[in-house]
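Numbers restart at 1 for each chain; the letters A, B, ... are given by sequence-line order, proteins then strands. Here the structure is a predicted model, which means the values were calculated and not measured.
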Protein chains: 2
Amino acid sequence: MSDEPLEIASRPPRERADAARNRERILTAAAELFARSGVEALTVDAVAQAAGVGKGTVFRRFGDKAGLAAALLDERERDLQRSVLSGPPPLGPGAPPRDRATAFLDAYLDYLAGHLELVRLSETASPGARYRIGAYRFWHRHLTILCADTPDPAHLAHLLLASVDAALVTALREEGYDWPRLRAGVRHLATALVS
Amino acid sequence: MSDEPLEIASRPPRERADAARNRERILTAAAELFARSGVEALTVDAVAQAAGVGKGTVFRRFGDKAGLAAALLDERERDLQRSVLSGPPPLGPGAPPRDRATAFLDAYLDYLAGHLELVRLSETASPGARYRIGAYRFWHRHLTILCADTPDPAHLAHLLLASVDAALVTALREEGYDWPRLRAGVRHLATALVS
DNA sequence: ACGTTAACCGGACCATAGTCCGGTTGTCCA
DNA sequence: TGGACAACCGGACTATGGTCCGGTTAACGT
């Protein structure tokens with residue numbers, strides 16, 4: 001559970017056929033289970049059973065429950081990463097930092113809006129998971145660069161990401177905040193701080 | 001676990017003597033256990049056993065593990081609340097909002113520095129616990145008032161508190177951030193946003 | 001003093017995340 | 001094609017937070 005989400009890496013230990021097949025099965029079963037019965041039905045036992053696989057296999061493949069959720073999100077997340085790296089401005093390169101930062105946070109909130117429960121699961125299933133996940137590192141690096149002209153870019157990047165923490169957003173949603181309100185507040189934050 | 005930390009309320013259901021005694025025992029045992037063996041030794045079973053009490057009793061008294069941790073912190077937390085309500089400025093009343101906000105966040109970081117593990121436990125032991133705890137509500141109300149001149153005071157108050165989230169601070173500490181650096185970053189945030 | 005009652009007690013029980021290891025099997029090389 | 005070995009498999013096992021309920025007892029009125 002650290003840093004090897006590279007796809008078909010042909011280098012050192014090629015993945016065995018049964019392993020690959022089981023990973024696929026688990027992912028499929030988990031996705032269906034989630035789609036059908038929501039996040040609370042997504043227990044590791046249930047996923048393993050639905051995939052026709054032992055529970056140990058799930059943990060070996062995905063490390064922990066958070067890792068499983070992260071794997072489920074992987075594809076959507078990559079879309080956003082691609083847009084950030086090489087999409088059109090202001091999300092992609094070419095716009096001033098402040099615009100890119102607000103565009104990113106906007107886009108991230110859209111992403112959250114579509115997958116809040118899963119993201120939350122992937123960030124809270126194990127303590128401190130959020131800050132270890134590869135995706136978080138990516139967003140952090142991105143924002144750190146955009147904050148280059150501030151006193152402590154890396155720290156500020158963390159603080160900006162804190163404003164879209166899935167647990168926080170969940171709590172605010174439950175308190176009645178709608179998405180436009182969340183977007184406006186976060187945008188205000190970024191505008192005041194970046195560049 | 002909602003809003004009855006008023007002390008000797010003599011009104012409706014006076015607490016039975018055995019209940020009060022057991023609460024005390026549990027708190028004492030938990031504090032000692034934590035002091036001696038750290039937070040990872042603070043399992044509910046261990047606390048119950050050390051207190052000479054059944055596990056059910058612990059949960060009845062404190063709701064869940066987060067509640068137990070919160071109770072352990074209660075006193076220290078009240079100190080800070082008192083200072084905010086009626087201490088000398090800039091923490092207490094009488095200073096301009098921006099100064100009060102930065103003073104509060106500074107003081108809160110001091111509090112965190114002394115009790116990071118317990119605070120984290122009280123905020124992460126159950127999902128969303130942080131935003132339900134009475135103390136969080138108190139800080140939030142305080143900051144909301146200080147943010148009165150901003151577009152969305154309540155939201156901004158949440159975002160400021162997110163910058164001192166125990167889980168975030170833990171992660172940053174593990175990444176090597178020292179306390180002065182954290183203080184400076186948070187102060188920068190508040191300065192840019194309040195008033 | 002004593003009976004009534006509601007609150008309390010505790011430990012057996014449940015759900016679920018995560019670990020472990022003996023047996024199995026895919027992969028590679030000769 | 002066959003053998004050796006590393007990787008993988010799965011389910012029994014552990015740890016721990018949280019629930020439940022039959023028995024107990026403190027508090028209060030008479």
Side-chain angles (χ1 to χ4, degrees), chain A residues 1 4 9-26 29-30 33-34 37-71 120-129 132, chain B residues 1 4 8-26 29-30 33 37-71 120-129 132:
Chain A
M1 236 353 50
E4 44 77 18
S10 48
R11 255 271 281 352
R14 177 147 132 248
E15 182 178 49
R16 258 168 65 163
D18 50 352
R21 187 192 34 151
N22 278 343
R23 158 154 65 228
E24 217 47 51
R25 274 194 192 171
I26 291 168
L33 211 52
F34 172 67
S37 311
V39 73
E40 70 283 350
L42 212 64
T43 70
V44 178
D45 287 282
V47 170
Q49 183 170 357
V53 144
K55 166 193 261 200
T57 302
V58 177
F59 282 103
R60 194 166 339 96
R61 279 283 96 74
F62 300 100
D64 59 8
K65 204 186 175 183
L68 176 58
R120 191 180 182 220
L121 185 60
S122 83
E123 293 185 350
T124 61
S126 101
R132 272 178 268 126
Chain B
M1 235 355 51
E4 43 76 20
I8 308 125
S10 48
R11 254 274 281 352
R14 180 149 130 246
E15 183 178 48
R16 261 168 62 163
D18 50 351
R21 188 193 32 148
N22 278 343
R23 159 154 63 229
E24 216 48 50
R25 275 194 193 169
I26 291 167
L33 211 51
S37 312
V39 73
E40 69 282 351
L42 213 63
T43 70
V44 178
D45 287 283
V47 170
Q49 183 169 358
V53 144
K55 167 193 259 200
T57 302
V58 177
F59 282 103
R60 195 166 337 97
R61 278 284 95 74
F62 299 100
D64 59 7
K65 204 186 177 184
L68 176 58
R120 190 179 182 219
L121 185 60
S122 81
E123 293 185 350
T124 61
S126 100
R132 274 178 267 126

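- Rounded to whole Å, the distance from CG on B:Asp45 to P on D:dT14 is 15 Å.
- The distance from atom CZ of B:Phe62 to atom P of D:dT19 is 16 Å, rounded to the nearest whole Å.
- We find that CD of B:Gln49 is positioned 13 Å from C1' of C:dG10, with the value rounded to whole Å.
- Here the CZ atom belonging to B:Arg61 is positioned 5.5 Å from the CD atom belonging to B:Glu15, to the nearest 0.5 angstrom.
- The side-chain contact (heavy atoms from CB on, under 4.5 Å) test applied to B:Ala50 returns B:Ala29, not counting sequence neighbours.
- Residue pairs meeting the side-chain hydrogen bond (donor to acceptor under 3.5 Å, both in side chains) criterion with at least one partner in residues 38-50 of chain A, sequence neighbours excluded, are A:Asp45-A:Lys55.
- No hydrogens or angles were tested; on distance alone, nothing pairs the side chain of A:Lys65 with the base of C:dG18 as donor and acceptor under 3.5 Å.
- Rounded to an integer number of Å, the gap from CZ of B:Arg23 to C1' of C:dA7 is 14 Å.
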Spell out protein contact along nucleotides 20-30 of chain C as letters: B when the base is contacted, S when just the sugar-phosphate is, - when no protein heavy atom is under 4.0 Å; keep the 5' to 3' order. B----BSSS--
Checking B:Ile26 against B:Leu68 for the side-chain contact (heavy atoms from CB on, under 4.5 Å) test, could you report, in this order, the C-alpha distance in whole Å, the side-chain angles of both residues, the deciding distance, and whether it holds? CA-CA 9 Å; B:Ile26 291 167; B:Leu68 176 58; 4.0 Å; yes
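- When the C1' atom of C:dC8 is taken as reference, atom CD1 of B:Ile26 falls 12 Å away, rounded to whole Å.
- Atom CG in B:Asn22 sits about 12 Å away from atom P in C:dG11, given to the nearest Å.
- Rounded to a whole Å, the CZ atom of A:Arg61 is 12 Å from the P atom of D:dA7.
- The distance from atom CG of A:Leu121 to atom P of C:dT16 is 13 Å, rounded to the nearest whole Å.
- Of the candidates C:dG18, C:dC8, D:dC9, the closest approach to any side-chain atom of A:Lys55 belongs to C:dG18.
- Among the nucleotides C:dT19, D:dC8, C:dT16, the one closest to any side-chain atom of A:Phe59 is C:dT19.
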